[in-house]
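Structure, as structure tokens:
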Amino acid sequence: MAGVNDIGIDLGSSHVLIYMKGKGIILREASVVAIDRDSREIIAFGEEASRMIGRTPGNILALRPLRDGSITDYELVSFMLKGFVMKAIGKHMFARPRAILAVPSAVNEMERRSLISTMFDAGMRRTQLLNRSLAAALGAGLPIDEAYGTMIVDISAGVTDIAVLSFGKVIVSDCIKVGGDRFDDAIIRHLRRKHNLLIGERTAEELKINIGSVIPRTEQLYMEVTGRNLITGLPKTMRITSDDVTEALDDPLQQLIEGIHGVLEHTPAELAADIFEYGILLSGGGAELFGLCEAIADTLKVPCSCAEDPQNNVVIGCGRAIENMADLGKFLDDGRRRMLGRV
């Protein structure tokens with residue numbers, strides 16, 4: 001029987017979100033850890049560490065230990081995850097709660113088992129894994145148990161998970177290394193090449209969010225950004241247009257569309273017909289990029305829409321499984337079997 005403190009966790013490349021049974025989303029923190037370069041001592045994590053990015057002295061590194069959907073430093077991920085769980089549920093518990101964890105699809109089997117072990121050390125009685133695409137579909141309210149094909153495209157910071165679902169199963173899927181980070185990198189490269197202006201990751205993300213678009217806007221938007229002039233080496237402020245950002249985003253956009261097209265090509269004919277009728281649903285923070293639905297629909301000739309709350313779909317899906325284990329527990333992967341090495 002599920003306990004009152006049971007939680008659902010979205011372990012994302014850019015943010016970790018935690019949902020508690022009966023309370024909703026109770027934590028949203030950046031997936032960043034700040035460490036001392038020499039001693040490897042952890043100085044801060046979460047939002048506190050995120051504010052240090054690009055502003056730390058040489059001996060302090062602000063790192064994201066999850067990159068491109070995979071774990072680049074398991075020790076830091078373990079510390080960060082344990083810290084967030086303790087922050088969410090507190091140190092004093094009458095009973096060890098249960099957790100449902102949605103992890104990036106590129107995380108390998110050994111890392112999945114290690115994460116389950118970390119959750120146990122953090123106070124969890126039991127941890128079960130939920131496929132990220134299924135979690136996003138549950139969070140978006142898709143009827144994934146129905147006898148027709150549904151396509152969901154979850155665009156996170158590191159990767160994009162593309163899946164065709166039917167009868168509660170993933171029929172065809174792919175994970176491509178195109179996400180919010182790749183869009184940011186494209187903006188940085190474009191401004192460097194076109195304007196000899198070097199900007200940081202945070203500035204690139206602000207450009208993407210505030211004036212970013214993958215299709216030309218009817219009304220041009222502008223944003224003043226400050227970076228370093230690569231010719232003089234001095235700080236420089238420049239007005240960047242939304243057309244500049246649109247031009248920068250074209251390459252990752254085409255890679256994303258090609259990834260979706262590839263999954264459609266391998267989808268059984270009957271399910272493909274369902275998708276052409278009901279359309280593609282975009283989820284994840286990257287789904288909110290202006291014009292993305294229109295660009296995908298125009299290129300692939302398939303209806304496309306954005307989920308109502310795309311950034312929170314995955315953790316809400318985990319939360320719904322926690323709230324309704326009787327009906328949705330069948331979608332979970334049993335963590336105890338993983339710990340015994342039976343998967």
Side-chain angles (χ1 to χ4, degrees), residues 7-20 25-93 97 99 101-104 106-108 110-124 127 156-159 179-182 184-185 188 198-209 225-228 235 285 311 314-315:
I7 58 174
I9 304 175
D10 173 12
L11 181 62
S13 298
S14 64
H15 287 85
V16 173
L17 287 82
I18 297 182
Y19 179 110
M20 181 174 283
I25 300 172
I26 59 170
L27 181 141
R28 178 186 177 89
E29 293 265 2
S31 305
V32 181
V33 182
I35 64 170
D36 186 291
R37 184 195 296 269
D38 302 320
S39 65
R40 291 283 294 180
E41 178 186 355
I42 295 173
I43 298 168
F45 65 97
E47 293 301 328
E48 183 182 354
S50 179
R51 289 191 290 270
M52 298 181 182
I53 293 178
R55 297 187 172 95
T56 59
N59 67 312
I60 297 177
L61 294 175
L63 305 170
R64 282 172 52 183
L66 283 148
R67 277 281 183 182
D68 295 334
S70 60
I71 295 175
T72 58
D73 191 316
Y74 173 74
E75 183 182 347
L76 294 183
V77 169
S78 178
F79 178 90
M80 179 179 70
L81 182 57
K82 192 180 299 184
F84 290 149
V85 170
M86 297 302 292
K87 186 174 181 179
I89 64 178
K91 296 181 180 179
H92 306 289
M93 297 174 293
L101 180 63
V103 299
V107 171
N108 64 41
M110 184 178 296
E111 290 169 338
R112 288 169 188 259
R113 292 182 187 178
S114 298
L115 288 172
I116 291 171
S117 178
T118 295
M119 294 292 289
F120 182 82
D121 292 342
M124 297 297 102
T127 299
S156 62
V159 294
D181 291 343
R182 191 63 62 90
D184 296 343
D185 291 343
I188 292 171
L198 180 62
I199 62 172
E201 293 178 10
R202 191 183 298 275
T203 303
E205 185 177 21
E206 289 173 357
L207 278 169
K208 179 185 68 179
I209 293 171
V225 299
T226 300
R228 188 171 78 243
Q311 290 192 31
V314 171
V315 75

* **Min side-chain heavy-atom separation Asn59-Asp36 under 4.5 Å** => yes
* Leu101 and side-chain contact (heavy atoms from CB on, under 4.5 Å): which partner among Ile7, Asp10, Leu11? -> Leu11
* Asked: Take atom CZ in Arg228; do more than 12 heavy atoms of anything else shown fall under 6.0 Å from it?
  -> no
* Hey, are the side chains of Pro97 and Met124 touching, using non-hydrogen atoms and a 4.5 Å cut-off? -> yes
* Asked: Do Ile9 and Met119 have side-chain heavy atoms sitting under 4.5 Å apart?
  -> yes
* Are the side chains of Asp181 and Arg67 in touch, meaning some heavy atoms are under 4.5 Å apart? -> yes
* Check Ala88 against Ile18 and note the closest heavy-atom contact, atom names and distance. => CB-CD1, 3.9 Å
* **Spacing of CD1 belonging to Ile60 relative to CG belonging to Asp38, to within rounding of 0.5 Å** => 10.0 Å
* Applying the side-chain hydrogen bond (donor to acceptor under 3.5 Å, both in side chains) test to Ser78, which of Thr118, Asp121, Asp73 qualifies? -> Thr118
* **Test item: Thr72 and Leu63 side chains (from C-beta on) under 4.5 Å apart, heavy atoms** => no
* Is there side-chain contact between Gln311 and His15, with heavy atoms separated by less than 4.5 Å? -> no
* Less than 4.5 Å apart, any side-chain heavy atom of Glu201 and any of Asp184? -> no
* Asked: Do Glu75 and Pro65 touch side chain to side chain, with heavy atoms closer than 4.5 Å?
  -> no
* In Å and rounded to the nearest 0.5 Å, what is the CD1 to CD distance from Ile199 to Glu205? -> 11.0 Å
* To do: Measure from the side-chain N and O atoms of Ser31 to the backbone N and O of Gly12, and report whether any donor-acceptor pair falls under 3.5 Å.
  => yes
* Asked: Could you state the interatomic distance from OG (Ser50) to CZ (Arg64), rounded to the nearest 0.5 Å?
  -> 8.5 Å
* When rounded to the nearest 0.5 angstrom, what is the spacing between CD1 in Ile26 and CD1 in Ile89? -> 8.5 Å
* In Å and rounded to the nearest 0.5 Å, what is the CG to CG distance from Leu17 to Leu27? -> 7.5 Å
* Rounded to the nearest 0.5 Å, what's the gap from CE on Met110 to OH on Tyr74? Could you check? => 11.5 Å
